[in-house]
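Reading through the structure tokens given below for one structure.
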Amino acid sequence: MQKTDSINIETTINSGQVFLWNKIGEQWVGIDGQDIMILRQKPYSLKSSGNIDNFLRRDDNLEKILKNISTDRTVRDAIKQSSGLRLIRQDPFQCYISFICSSNSSIQNIKSMLENLCRKFGVKKEFGKYQLHTFPRVETLANATMNELLDCRLGFRAKYVKEASLAVNSNKIDFKELRKLDYQTAIRSLKNILGIGNKVADCIALFSLDKLEAFPIDRWTQRILLKYYKDIFCDVSEKPLTEKKYEKLHDDIVKYFGPYAGYSQQFLFKMERDLNKKSWL
DNA sequence: CCTTGACCTGCCCCC
DNA sequence: CAGATCAGGTCAAGG
């Protein structure tokens with residue numbers, strides 16, 4: 001297990017993986033499912049009503065992973081620029097709903113939608129000196145009405161969230177099972193849900209189901225591939241990826257970046273968004 | 001198999 | 001300051 005102080009909290013929170021976090025003074029306060037977490041860099045302190053080691057993937061052999069993904073200069077530079085950046089292992093239901101809401105939306109907007117859901121459907125919980133709303137439980141969201149969801153400013157995603165919650169509530173989607181399945185099977189299962197396409201499925205798989213070969217390709221990732229890797233992934237352009245092209249590209253990506261491709265994606269994504277001065281939480 | 005247009009919202013910009 | 005523009009994935013209809 002790596003040294004505890006090698007985690008950069010701000011970099012990790014501000015890397016597009018999580019949304020329900022706020023910086024209050026020197027502390028980052030966030031929601032993961034029914035848990036509240038309080039993280040502070042200086043002096044270093046990690047508190048959670050749940051399992052913080054699980055959340056921060058402290059079981060990963062980071063030294064080995066970073067060595068494994070350091071296949072080229074671009075990734076090596078990205079790792080150097082964002083040292084201390086970690087993948088997070090999120091509550092699967094929250095992750096699933098979060099990225100369904102992410103479609104055609106910006107980070108700030110996703111955050112606002114999720115905060116609205118928590119305020120309306122979550123339960124108040126106290127931790128440390130803070131009191132905040134946890135993420136809605138599956139059955140609560142499954143029983144929500146369309147109007148309530150629309151009140152949370154979900155727009156056309158409201159029916160996606162409703163159906164997706166019903167699928168989990170009826171065990172049509174079982175995260176414990178998906179976690180055990182291989183990448184391809186898990187992705188195929190997720191994509192049966194309305195509102196989940198390739199990119200969203202990859203995010204859920206990577207950030208909550210331990211599929212480290214998942215490599216979500218959004219507009220930014222696509223630009224990265226075009227900018228730094230056009231000789232390696234020849235058929236990538238700025239045009240939106242079709243279903244087949246996405247799948248083919250993902251195969252090539254795993255061949256090139258390896259079984260921890262998801263980690264390389266996270267470093268590359270963080271680097272390029274920072275380079276373009278895109279805002280985070 | 002691919003292309004196209006619709007879908008909500010919030011933010012930024014410009015008149 | 002109201003109104004237009006744009007960014008961002010997925011889906012359904014049609015070529």
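Every chain is numbered from 1 and lettered A, B, ... according to where its sequence line falls, protein lines coming before strand lines.
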Atom-pair distance (CD1 on A:Ile97; P on C:dT10), nearest Å:
15 Å
Nearest heavy-atom neighbours spanning A:Tyr96 and A:Ala164:
OH-O, 2.9 Å
Taking only N and O in the side chain of A:Arg223, is any of them less than 4.0 Å away from OP1 or OP2 of C:dG8?
yes
If you look at every heavy atom in A:Phe257 and A:Asn68, which pair is closest and at what distance?
O-OD1, 4.2 Å
Rounded distance (Å) that lies between atom P of C:dG8 and atom NZ of A:Lys239
18 Å
Would you say the ring centers of A:Phe215 and A:Phe269 fall short of 6.0 Å from each other?
no
What is the distance, rounded to the nearest whole Å, between atom CD of A:Gln108 and atom P of C:dG8?
12 Å
In whole angstrom, give the distance that lies between atom CD1 of A:Ile196 and atom C1' of C:dA12.
18 Å
In whole angstrom, what separates A:Glu243's CD from C:dG9's P?
15 Å
Do the ring planes of A:Phe233 and A:Tyr256 sit parallel (below 30°), tilted (30 to 60°) or perpendicular (above 60°)?
perpendicular
When the nearest nucleotide of DNA chain B is assigned to A:Tyr160 and to A:Pro240 on a heavy-atom basis, which residue is associated with the more 5' position?
A:Pro240
If the threshold is 4.0 Å, N to carboxylate O, is there a salt bridge linking A:Asp251 and A:Lys255?
no
Please report the distance, rounded to the nearest Å, between CZ in A:Arg219 and P in C:dG9.
8 Å
Which is true for A:Leu154 with a 4.0 Å heavy-atom rule: it touches a base, it touches only sugar-phosphate, or it touches nothing?
nothing
What integer number of Å spans the C1' atoms of B:dC11 and C:dT10?
22 Å
For the pair made of CZ in A:Phe156 and C1' in C:dT10, what is the distance, rounded to whole Å?
7 Å
Heavy-atom closest contact (A:Ser82 atom, A:Thr11 atom, distance)
CB-CG2, 4.0 Å
Would you indicate what A:Ile193 reaches in the nucleic acid, counting non-hydrogen atoms under 4.0 angstrom: base, sugar-phosphate, or nothing?
sugar-phosphate
Salt bridge present between A:Lys159 and A:Glu163 (N-O < 4.0 angstrom)
no
All heavy atoms of A:Asp174 vs all of A:Lys176, minimum pair found to be OD1-N, 3.0 Å
Pick base, sugar-phosphate or nothing for A:Ser105, based on heavy-atom distances below 4.0 Å to the nucleic acid.
base
Closest non-hydrogen atom pair, A:Pro216 against A:Asp202:
CA-CB, 3.7 Å
Would you say A:Trp220 reaches C:dA7's phosphate, i.e. side-chain N/O to OP1/OP2 under 4.0 Å?
no
Under a criterion of less than 4.0 angstrom to any heavy atom of chain A, what are the 5'-terminal and 3'-terminal contacting nucleotides of DNA chain B?
B:dC1 to B:dG10
Measure CG/A:Asn192 against P/C:dT10 and give the value in whole Å, please.
14 Å
For the residue pair A:Thr134 / A:Gln34, report whether a side-chain donor-acceptor contact shorter than 3.5 Å exists.
yes
For DNA chain C, just give me the dot-bracket, please: Watson-Crick or G-U, both distances below 3.5 Å, ( ) intra-strand, [ ] crossing earlier pairs, | paired with another strand, . unpaired.
..|..||||||||||
